[in-house]
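These notes are about the structure you will find just below.
What you see below is based on every heavy atom in this structure, not just the backbone, and it leaves out hydrogens, waters and symmetry mates.
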Amino acid sequence: MKSAHRTDAQERAEPGADSESTSDHQVREDREISTEQQHLDVVYARLDRMRASAERRLQQTLRESGGTPQARSERESYERLYTDDLTKFDAAEHNLYFGRLDMGSGETRAIGRIGILDDDSDDTTLLLDWRAPLSRPFYLATPAAPEEVRRRRHIRTRSRAVRGISDEVLESDSAVADAPAGGDVVNETALISALNAARTGEMTDIVETIQREQDLIIRSPHRGVMVVQGGPGTGKTAVALHRAAYLLYTHRDVLARSGVLIIGPNDDFLTYIGQVLPSLGETGVLLSTIGNLYPGVRASVVEPRLAAALKGDLRMVDVLKRAVREYQTVPRQPVTVTFDGYPLTIDKSVIQPARGRARSSRRPHNRARSVFIRNALDALAEQHARRIGSSTIDGSQLLSRGDIADIRDEMRTDPDILTALGEFWPPLTPQKVITELFGSTARLRKVTTGWTDDERTALLRDHHRPVADVSAADVPLLDEVAELIGYDTDGESERDRVEWRHRLAEAQDALDILTGSAPQDLEDELDPEILMAYDVIDAEQLASRQVQRERLTTAERAYGDRTWAFGHVIVDEAQEISAMGWRMIMRRIPNRWMTIIGDTAQTSDPAGTTSWDAVLHPYVADRWRRHDLTVNYRTPGEIMDSATTVLAQIAPDQPAPTSIRRSGHPPQDIRTDSADDTVTTAVRVALEAGAGPGVVAVIVPDLLADVVDASMRTASAEFGDDTPAPRVLTVGAVKGLEFDMTVVVEPAALVAQSDRGLGDLYVALTRATQRLAVVHAEELPLDLLS
């Protein structure tokens with residue numbers, strides 16, 4: 001493959017090169033760069049006009065006001081459309097035009113982040129969206145399979161100026177002869193440059209350097225469950241995000257209404273990837289962790305490992321079912337209430353049949369409550385009728401069925417009766433059930449049949465913990481209970497009805513004020529053709545307009561609705577999801593169109609999985625596809641050599657991904673004399689590295705996190721530099737992230753901290769893109785750096 005890399009003029013001249021040849025080369029380069037610059041100027045000029053047009057339309061839309069709820073709704077739809085366009089244009093501004101294909105037919109295709117048509121003709125394309133089918137050869141063409149591409153050009157820009165170009169000539173005998181074995185790496189110069197660039201703390205897109213095996217996954221037409229298995233640094237997350245952008249482009253009519261959900265392992269990860277989709281022209285995707293997926297709840301408590309493992313176990317399904325049924329009680333002693341001056345007895349004969357009928361309805365607890373109340377009231381009405389209606393000598397009933405129905409209706413409004421019955425089938429909330437279950441040894445013992453005392457003790461909630469504080473392991477349990485009790489169905493509907501009545505009353509009050517303040521002799525003083533507000537709109541229309549004003553995006557509505565059904569769900573670091581977590585996820589994707597990203601060798605969570613089949617079989621049996629990513633783009637070969645030693649212990653049959661490059665920096669083995677010395681040394685090494693370009697992190701065992709973090713803060717203040725201090729992170733917090741350099745502290749302690757400690761160590765070792773230092777006082781496990 002013939003590849004020519006062109007850069008700025010000052011970078012091009014080579015010492016000792018023939019001056020005439022260099023001059024001719026520079027002239028040719030300058031001419032080609034100038035040609036690309038002219039095209040780039042045209043593209044940006046068109047983008048500026050598109051942006052200006054969208055801004056004008058947005059301002060016009062904001063000035064207009066509809067006279068009906070429908071008009072208002074339409075106006076807000078356009079407003080959101082223009083706002084989304086502006087967001088897309090702004091996000092695409094960075095490196096808008098990055099590639100060109102010269103086809104064998106003579107056609108030229110310019111490739112960019114968004115598609116842009118010519119001003120004069122909508123049939124002429126100035127820039128192809130990278131997701132368009134005609135752009136695909138930019139990612140797939142190789143010398144062995146050129147896809148009719150004669151030359152592929154990668155264009156480097158800074159702001160709105162072309163700074164350099166690199167070409168790959170694909171259709172020639174020499175190109176095929178020079179092609180690397182397999183021919184899987186395309187845009188190699190651009191790829192290596194991107195891999196060697198210093199990190200900024202935010203993930204960048206890979207739209208310019210997508211490789212063949214990644215493209216096949218991103219554009220897969222599969223409409224079921226697709227598992228993407230890949231070792232460290234294989235670009236799993238980047239593939240997932242670009243697949244989200246591709247699906248929204250290709251299936252926008254469906255996914256714009258139903259939405260795309262991306263689930264990540266932690267908040268740091270979501271912040272890290274947060275700018276990728278906007279840079280690809282997509283802003284309507286919901287990003288969430290499991291701990292934040294339940295509306296109104298944000299997990300803030302770190303659960304002990306044993307408790308997290310138990311809460312993620314499928315045995316919790318039966319535990320929660322029994323916990324809900326424990327609220328469906330019968331009276332131990334009769335309860336007496338007074339109705340219409342007569343005593344009524346509420347005992348087992350009243351409650352037990354009502355409970356049986358409610359349970360037989362197969363409805364969730366809260367929705368079955370109406371069945372329970374109705375049947376209990378029937379029994380009490382019959383009891384009352386017998387008491388007051390049996391006045392004949394033979395004791396025959398004087399009251400008709402209609403009379404008894406009237407008695408029941410009166411009882412339905414009696415607060416004392418309803419309160420008494422409610423004790424035996426109370427309305428529930430998920431928070432109430434979970435808090436009371438894990439806050440009571442007696443409750444736990446009742447519902448955890450077959451569990452050990454140690455397990456029950458691990459589940460018991462700390463009494464000093466505020467009721468509102470939940471862990472990520474609690475959230476799937478809240479969701480499970482919500483299903484069992486029918487939460488936010490009838491209850492939410494009633495709240496909606498109350499809110500609507502409130503809005504309607506406010507709207508009527510406003511119109512009454514307008515009517516009352518109008519002059520009585522209006523017809524004499526003003527033109528009778530003039531209409532006032534109360535002439536053209538009633539209270540219901542006014543209230544509707546207020547509701548329309550509060551319309552939310554698809555992602556915003558989905559976030560607040562526990563029962564929302566997404567069109568597509570992407571789960572990253574999916575090996576960390578517990579069995580209970582998967583039940584929660586699957587409720588949100590009934591069509592089972594999913595992309596699951598992970599590496600079973602990197603499982604750290606004690607409730608996580610090491611088998612995709614075990615995860616998916618309960619939901620789709622064997623109807624899922626697996627793709628494997630095999631190239632490690634992040635981790636240099638020197639570091640991966642050590643990490644492979646750990647992988648061989650975790651998953652001997654799983655091949656390590658092949659590193660695409662070596663950094664020239666073998667891992668540093670820094671031995672210390674004591675635990676205290678380990679902390680100070682790790683902090684010093686990280687601060688010294690952090691003074692240079694790039695991002696540095698210190699990865700520590702859970703038990704050392706606080707002490708190392710405190711030492712880092714103190715030392716950073718003494719260091720006297722404005723550079724932010726390197727972050728101190730546990731393995732759980734570092735999932736999915738990458739750094740230029742990592743300092744791994746006490747690998748032996750990482751291994752010892754859980755049953756899956758080797759997985760923790762494997763994750764910790766593979767976060768660095770350039771350098772790795774290992775600081776330890778204890779002996780290294782597995783002859784790690786030997």
Side-chain angles (χ1 to χ4, degrees), residues 320-390 397-437 440 443 446 467 481-502 504-505:
L320 296 176
K321 286 179 180 178
R322 289 194 288 268
V324 170
R325 288 174 72 94
E326 281 295 312
Y327 289 94
Q328 302 165 4
T329 59
V330 295
R332 294 177 180 175
Q333 298 294 331
V335 176
T336 301
V337 294
T338 300
F339 175 72
D340 201 20
Y342 291 90
L344 287 175
T345 301
I346 300 175
D347 56 13
K348 288 184 179 181
S349 66
V350 172
I351 298 301
Q352 205 154 11
R355 184 178 69 168
R357 291 188 180 92
R359 286 178 173 176
S360 298
S361 72
R362 318 295 285 184
R363 297 181 185 179
H365 174 92
N366 284 353
R367 295 173 63 187
R369 188 171 183 270
S370 61
V371 178
F372 169 80
I373 295 293
R374 183 175 67 248
N375 280 275
L377 290 176
D378 283 344
L380 291 177
E382 292 281 359
Q383 181 187 130
H384 185 64
R386 287 194 300 272
R387 182 180 299 276
I388 68 171
S390 301
Q397 182 64 265
L398 293 179
L399 300 181
S400 67
R401 301 312 302 174
D403 294 329
I404 296 176
D406 290 339
I407 293 171
R408 184 185 60 237
D409 290 342
E410 287 185 48
M411 287 182 175
R412 194 182 300 277
T413 63
D414 189 301
D416 292 336
I417 294 177
L418 294 179
T419 298
L421 293 178
E423 291 293 320
F424 307 108
W425 196 293
L428 297 176
T429 67
Q431 288 84 350
K432 174 182 173 67
V433 174
I434 293 299
T435 301
E436 293 183 352
L437 172 62
S440 167
R443 282 184 182 272
K446 281 184 179 180
V467 172
V481 173
E483 286 291 302
L484 292 171
I485 67 176
Y487 190 65
D488 65 10
T489 52
D490 289 354
E492 287 293 311
S493 298
E494 178 58 30
R495 281 194 288 275
D496 289 343
R497 287 192 291 270
V498 170
E499 183 178 354
W500 170 250
R501 288 195 294 268
H502 179 67
L504 196 61

[X] versus [Y], closest heavy-atom pair with distance:
X      : Y      : result
Ala385 : Ile404 : CB-CG1, 3.8 Å
Pro364 : Ile485 : CB-C, 3.4 Å
Arg369 : Pro426 : NE-C, 3.8 Å
Tyr327 : Val433 : OH-CA, 3.9 Å
Val371 : Ala358 : CG1-CA, 3.8 Å
Leu344 : Leu380 : CD2-O, 3.9 Å

Value rounded to 0.5 Å, distance of [atom1] in [X] from [atom2] in [Y]:
X      : Y      : atom1 : atom2 : result
His365 : Phe372 : NE2   : CZ    : 9.5 Å
Asn375 : Arg355 : CG    : CZ    : 13.5 Å
Thr429 : Asn366 : OG1   : CG    : 8.5 Å

Legend entry - side-chain contact (heavy atoms from CB on, under 4.5 Å) partner of Pro430, chosen from Leu484, Leu320, Thr435, Val481: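 It is Val481, the one option of Leu484, Leu320, Thr435, Val481 that forms the side-chain contact (heavy atoms from CB on, under 4.5 Å) with Pro430.
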Inset, instruction - Output yes when Glu326 and Lys446 qualify as a salt bridge under the 4.0 Å nitrogen-oxygen rule, no when they do not. - result: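 Answer for the salt bridge query: yes.
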Inset, instruction - Please name all residues satisfying side chain to side chain donor-acceptor pair (under 3.5 Å) with Arg408, sequence neighbours left out, ordered by chain then number. - result: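 Listed in chain order: Asp378.
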Tell me, do [X] and [Y] make a side-chain contact under 4.5 Å, heavy atoms counted?
X      : Y      : result
Ser370 : Arg363 : yes
Ser361 : Arg367 : no
Arg325 : Gln328 : yes
Val337 : Thr419 : no

Inset, instruction - Examine distances only and state if a side-chain atom of Ser440 and a backbone atom of Glu436 form a donor-acceptor pair shorter than 3.5 Å. - result: no
Inset, instruction - Give a yes or no on whether the backbone of Ile351 and the side-chain of Trp425 come within a donor-acceptor separation of less than 3.5 Å. - result: no
Inset, instruction - Give the C-alpha distance, both sets of side-chain angles, the deciding distance and a yes or no for ring-ring contact (aromatic ring centres under 6.0 Å, His included) between Phe339 and His384. - result: CA-CA 8 Å; Phe339 175 72; His384 185 64; 5.1 Å; yes
Legend entry - Qualifying salt bridge (Lys or Arg N to Asp or Glu O under 4.0 Å) pairs, either residue in residues 410-429, two or more places apart: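 Listed by first then second residue: nothing to list.
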